[in-house]
Amino acid sequence: MLTQLTAAETAAKLRSREVGAVEVAQAHLDRIARLDPEFKAFLTVHPERTLAEAEAAQKRIDAGEAGPLTGVPIAIKDNVSTEGVPTTCASNVLKGYVPPYDATVVSRLREAGLVSLGKTNLDEFAMGTSGENSAFQVTKNPWGRDLVPGGSSSGSAAAVAGELAPLSLGSDTGGSIRMPAALCGIVGYKPTYGRVSRYGLVAFGSSLDQIGPFGRTVEDAALLAEAVSGYDPLDSTSLDVPPVSTEALKDGNVRGLRIALPRQFMGEAIQSGVREALEAALDVLRREGAEVSEIDLPSVAVGVTTYYIIAPAEASSNLARFDGIRYGGQVEGDGHIGVVASTRGGLFGHEVKLRIMVGTYALSAGYYDAYYNRAQQVRAVMAAEFETAFQEFDLVVSPASPIVAFPVGGLSQDPLALKLLDLCTIPANMGGFPSLSIPCGYADDLPVGMLLNGPVGQDERLLQAAYAIERALPWGYRRPPMP
Ligand code: GLN
């Protein structure tokens, strides 16, 4: 079945003319039509646009001008700006908003000849860990229709795991790519901060946000990163370095790989099945010649607390622009202030309002030093601790999520428990370093993700190590039980 192929396999079959780009696109559109009413991964699909892009890709293939992913379909998280296609952030505040411009990543996808299938569901403004904060629908995990796919990039992860798309883009502020990748049993990669342009990504926590790929293999995720990364003058935090290269991906194995396992990531917060799966995977890597050492990273204990000051603080400022006047929906009110108040009060969801209030509080005069500044100091300590670890080790590993996929509604009454699930993923955003989750085993027949963290700017080495680890753990990727 065409929808079961990896992106790399699809691209190879397209180049050898074994299949056509329109046929590949149609196979995915058919599967979306059949299964997405159940998965609810997409907020927008646009079959006509998809088929037109597929035809254009085919012309390039026929002309011998195909790149590594030309003609391969992709789904895009709905907080990434797409010209002429609604971009809602799964919020009533942006319902009906159609952007007049493409995000840089979207322009690059077009240049590379990928074929866009549509826009995927998320927690409203990417604030959440389960996908349940979407104002429109709850995406289901292909591993169990009563289970959450993880968040906030819920739709992008479910689309790839459910074979509705071979590739997708998500965004990661505190784990929103890696967490759902773990819960859905696929690969999710947050590049080094600045390697992928944020131009056109609706901002949540600008110093933490990063766009990144989902795929069913490390190679697929790396190929997509290669296509969308690289310097962008439109993003002032963009790094002036070449795109992520996949050239060295296949060299090397796990022999001699120096892996650090911080004790703070293997404590009580981690479900026993997850811990066991990770230990078993690390045992295999040891047998294959990797060195695994336990280390201490004490600052990790305050990571979640620190993140939940910095991220809401930045969000409260970023979301000030949604005032009912410039974008999307508007609720009537008394005068200018009245319109702004009733729009923001009426159209933002509960979690978003909570964060705006927490963030505004943390930034207000008198509290700024006690909360925001203090959090920034802790952030620097955390980044330094990891940097020190990377001087001695190639990778710092942990579970990506402390628990496997859980039932819809299971934790939504317990916002604190949900936030604590970000324990392992937050440091990479705080320190800006690259981090990736790959499937490493199963607990209760549900996927467990191994989180691999590498030093800032060393994305290629991280991907190379991940590729070798994926080879060493051949049971890692499994298809979910689905049609
Ligand atoms: N779960 C985290 C939060 O709710 C991370 C979200 C993200 O990475 N966008 O803030």
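For the single chain, residues carry numbers from 1 onward in sequence order. All ligand and atom numbering here is 1-based and tracks the order in the structure.
Within a 6.0 Å sphere centred on NZ of K419, heavy atoms belonging to other residues, nucleotides or ligands number more than 12. Within 6.0 Å of OH on Y367 lie no more than 12 heavy atoms contributed by other residues, nucleotides or ligands.
Without hydrogens or angle criteria, E124 side chain to S91 main chain gives no donor-acceptor distance under 3.5 Å. Listed for the N453 side chain is no donor-acceptor partner under 3.5 Å among the backbone atoms of S435.
Paired with S238 under the rule side chain to side chain contact (heavy atoms under 4.5 Å, CB included), one option of D235, V241, L234 passes, and it is D235.
If you look at ligand 1, the protein residues with a non-hydrogen atom under 4.0 Å away are A126, M127, G128, T129, S152, D172, T173, G174, G175, S176, F204, Y307, Y308, R355, D422.
By the salt bridge (charged side-chain N to carboxylate O under 4.0 Å, His left out) test, D296 pairs with R263, sequence neighbours left out.
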